[in-house]
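Nothing here was measured: the structure is a model prediction, and the numbers come from that model. Nothing fancy with the numbering, it's 1 onward along the sequence.
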Amino acid sequence: HFGNAIDFVEFWRGRNKRNIGRPDDGGGKLLSVKYKENNYRFEDLKVFSNDVALTAEGTNTIIRNCIIESSDMAVVFLAGNNVLIENCEIRLKKPQNRSSYPRAAIVLRDGSHSVIRNNRIRVDYGDGDESKTYCILVRDGATNVLIENNTFVNVKGDTVTATDGSDVIL
């Protein structure tokens with residue numbers, strides 16, 4: 001176990017007040033987090049991981065023209081406003097171990113005013129996979145999230161799930 005492939009976070013390390021829960025348990029409620037304007041740009045990358053492939057916190061994160069794969073609980077896990085994910089191929093691969101933990105190709109927390117567009121998102125399931133699997137999971141009250149022109153492959157169930165008062169425009 002080598003950790004996340006790309007990891008740009010602070011609040012998960014306890015520097016800010018935050019209760020992190022599993023993606024669907026409702027335990028990850030926003031308490032008092034102010035995101036830094038980090039302006040992270042991930043462009044033209046190939047990222048393959050058996051852990052979360054790309055994790056970032058901060059405003060104005062851009063992920064563009066990337067191929068990103070993971071067999072863990074999430075491929076891309078982002079927190080912060082004004083996120084752009086476009087023209088990427090994102091694949092949630094078959095899990096290496098049987099698990100009942102929820103999984104998602106993209107998790108967007110607190111991501112108001114974000115755009116997810118023109119991506120190809122694929123979900124692969126394991127034999128006897130009992131985990132709840134999301135394609136795009138928007139949570140923690142994110143508002144005005146635009147999701148458009150994405151291609152979804154091999155998805156069972158909803159392609160977009162919004163929880164905790166999040167507002168998604170399809």
Side-chain angles (χ1 to χ4, degrees), residues 4 6-43 47 52-66 68 70 72-92 101-123 131-153 155-170:
N4 297 342
I6 298 175
D7 189 2
F8 289 83
V9 297
E10 289 186 17
F11 68 74
W12 286 298
R13 307 241 190 303
R15 292 189 181 104
N16 292 311
K17 295 177 184 176
R18 179 82 174 173
N19 178 21
I20 299 299
R22 293 188 351 215
D24 71 340
D25 71 0
K29 298 292 185 187
L30 178 63
L31 297 177
S32 60
V33 175
K34 289 188 177 181
Y35 294 101
K36 294 180 182 177
E37 185 173 327
N38 291 327
N39 299 308
Y40 293 134
R41 295 177 71 94
F42 305 97
E43 297 187 271
V47 182
V52 178
L54 194 152
T55 304
E57 170 215 316
T59 64
N60 303 319
T61 298
I62 295 174
I63 303 172
R64 182 182 287 133
N65 301 322
C66 294
I68 309 169
S70 172
D72 197 43
M73 291 177 54
V75 180
V76 176
F77 197 116
L78 303 174
N81 298 323
N82 302 310
V83 167
L84 173 63
I85 304 173
E86 80 176 339
N87 299 325
C88 293
E89 184 172 328
I90 298 170
R91 181 176 178 195
L92 181 63
Y101 290 109
R103 305 174 68 229
I106 299 171
V107 178
L108 179 62
R109 300 188 85 140
D110 316 315
S112 294
H113 310 290
S114 294
V115 177
I116 301 172
R117 67 174 168 225
N118 302 326
N119 301 290
R120 183 176 190 273
I121 301 167
R122 179 183 174 94
V123 176
S131 62
K132 175 74 174 165
T133 304
Y134 302 96
C135 204
I136 299 174
L137 176 60
V138 180
R139 49 173 306 150
D140 297 323
T143 60
N144 197 30
V145 177
L146 177 62
I147 300 175
E148 64 180 357
N149 299 323
N150 295 289
T151 301
F152 298 96
V153 179
V155 176
K156 299 176 185 175
D158 297 332
T159 55
V160 178
T161 303
T163 66
D164 302 319
S166 296
D167 174 32
V168 174
I169 302 164
L170 299 173

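Atom CD1 in I85 sits 4.5 Å away from atom CD1 in I63 (nearest 0.5 Å). Distance NZ/K132 to CG/L137: 9.5 Å, rounded to 0.5 Å. Considering CD1 of I116 and CG of L146, their distance stands at 9.0 Å, rounded to 0.5 Å. To the nearest 0.5 angstrom, T59 atom OG1 is 7.0 Å from N81 atom CG. Expressed to the nearest 0.5 Å, how far CD1 of I147 lies from OG of S114 amounts to 9.5 Å. For the atom pair CZ of R41 and CG of N60, the computed distance is 10.0 Å after rounding to the nearest 0.5 Å.
In the model, N144 has a side-chain atom that pairs as donor or acceptor with a side-chain atom of H113 under 3.5 Å.
Applying the salt bridge (charged side-chain N to carboxylate O under 4.0 Å, His left out) rule to R64 yields the partners E43, E86; only residues at least two apart in sequence or on another chain are considered.
Residues L108 and V76 have side chains not in contact (no heavy-atom distance under 4.5 Å, counting atoms from C-beta outward).
Although no hydrogens or angles enter the test, the distance criterion places a donor-acceptor pair under 3.5 Å between the side chain of S166 and the main chain of A142. In terms of modelled atom types and a separation under 3.5 Å, the side chain of N38 and the main chain of T61 share no donor-acceptor contact. Under a 3.5 Å cut-off, the side chain of R103 and the backbone N or O of D72 do form a donor-acceptor pair.
The two residues I90 and A105 come nearest to each other via the heavy atoms CG2-O, 4.0 Å. For L84 against R117, the heavy-atom pair with the smallest separation is CD1-NH2, 4.1 Å.
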- Verify side-chain contact (heavy atoms from CB on, under 4.5 Å) between Y134 and V123, making sure each step is shown before the conclusion. CA-CA 9 Å; Y134 302 96; V123 176; over 6 Å; no
